[in-house]
Amino acid sequence: MSKQSHDPVAADIQRVIREGELYRIKVVHAKALVAQALRPDALMHGAMDHAVSLAQARLGGLMQPGGLSNFNYKALMPYAITVGSFLARKRLIKPVLGVAALAGVGVAWLLKRKRSTT
């Protein structure tokens with residue numbers, strides 16, 4: 001038996017060296033994850049998921065008794081992005097916002113009228 005195999009100090013040194021190697025590996029992995037998360041497509045995907053989940057939470061109770069839990073927004077997102085891209089290219093954002101505002105005012109007026117008659 002060698003003297004180093006029973007030396008507790010050497011065992012502690014080897015353990016600390018292994019822990020340091022593991023720490024360095026974790027740091028490299030964390031840097032790679034951050035670099036992946038900061039890519040524009042990953043940021044856009046996260047922002048879209050956040051916006052959709054926020055809209056589902058706010059508007060879920062208005063649509064049906066089950067809410068929007070059965071609504072498959074991921075299937076409709078390519079179409080929504082295509083329409084949004086078309087509107088942005090043709091510079092129709094302001095007219096569409098105006099029409100949406102008028103539609104919102106119309107719906108609010110109809111709901112107010114319906115509540116006042118009942």
Side-chain angles (χ1 to χ4, degrees):
M1 288 192 195
S2 69
K3 190 174 183 182
Q4 291 179 343
S5 64
H6 294 293
D7 189 12
V9 175
D12 287 341
I13 290 173
Q14 290 301 318
R15 182 184 52 81
V16 169
I17 289 173
R18 285 192 305 270
E19 287 177 359
E21 290 172 353
L22 183 61
Y23 178 76
R24 284 191 295 274
I25 290 170
K26 286 181 180 180
V27 168
V28 169
H29 184 65
K31 282 182 180 179
L33 287 176
V34 168
Q36 172 67 23
L38 289 178
R39 290 180 49 209
D41 58 338
L43 288 173
M44 184 64 170
H45 182 69
M48 290 301 292
D49 280 346
H50 184 71
V52 168
S53 63
L54 180 65
Q56 277 185 334
R58 295 288 183 181
L59 302 174
L62 298 177
M63 300 299 273
Q64 54 194 5
L68 292 176
S69 59
N70 296 329
F71 183 69
N72 188 6
Y73 67 88
K74 289 185 180 181
L76 295 177
M77 286 311 293
Y79 302 114
I81 290 173
T82 302
V83 169
S85 172
F86 173 77
L87 293 174
R89 273 189 318 215
K90 298 293 182 177
R91 299 180 186 253
L92 296 174
I93 298 292
K94 287 183 182 178
V96 168
L97 289 176
V99 169
L102 287 176
V105 168
V107 168
W109 179 75
L110 285 175
L111 288 174
K112 183 178 176 182
R113 184 175 175 204
K114 181 179 178 183
R115 288 182 190 154
S116 66
T117 58
T118 56

(Q) Holding to side-chain contact (heavy atoms from CB on, under 4.5 Å), I want the full list of residues that pass it with Met44, two or more places apart in sequence or in another chain. (A) Met48
**Q.** ILVMFWY cluster membership beyond Val27 - transitive side-chain contacts under 4.5 angstrom
**A.** Tyr23
Q: Kindly work out whether a path of hydrophobic side-chain contacts (I/L/V/M/F/W/Y, heavy atoms less than 4.5 Å apart) joins Ile93 to Val83.
A: yes
Q: Could you list who else is in Leu38's hydrophobic cluster, with ILVMFWY side chains joined at under 4.5 Å, directly or through other members?
A: Val34
Q) Which residues, ordered by chain and number, are linked to Leu111 in its hydrophobic cluster, where ILVMFWY side chains connect at heavy-atom gaps below 4.5 Å, directly or through other members? A) Val107
Q: Using the side chain to side chain donor-acceptor pair (under 3.5 Å) rule, collect all pairs that involve residues 85-108, keeping only residues at least two apart or in two chains.
A: none
Q. With Leu22, which residues qualify under side-chain contact (heavy atoms from CB on, under 4.5 Å), at least two apart?
A. Lys26
Q) In chain order, what residues pass the salt bridge (charged side-chain N to carboxylate O under 4.0 Å, His left out) check against Arg15, with sequence neighbours excluded? A) Glu19
Q | Transitive ILVMFWY cluster of Leu43, excluding itself - 4.5 Å side-chain cut-off | A | none
Q) CG of Asp12 to CD1 of Ile17: how many Å apart, nearest 0.5 Å? A) 11.0 Å
Q) Do you know which two heavy atoms are closest between Ala37 and Ala42, and how far apart they sit? A) O-CB, 3.9 Å
Q. Between CG of Leu97 and CG of Leu92, what distance do you get to the nearest 0.5 Å?
A. 10.5 Å
Q) Pairs in or reaching into residues 27-49: which pass side chain to side chain donor-acceptor pair (under 3.5 Å), with residues at least two apart or in two chains? A) Gln36-Arg39, Arg39-Asp41, His45-Asp49
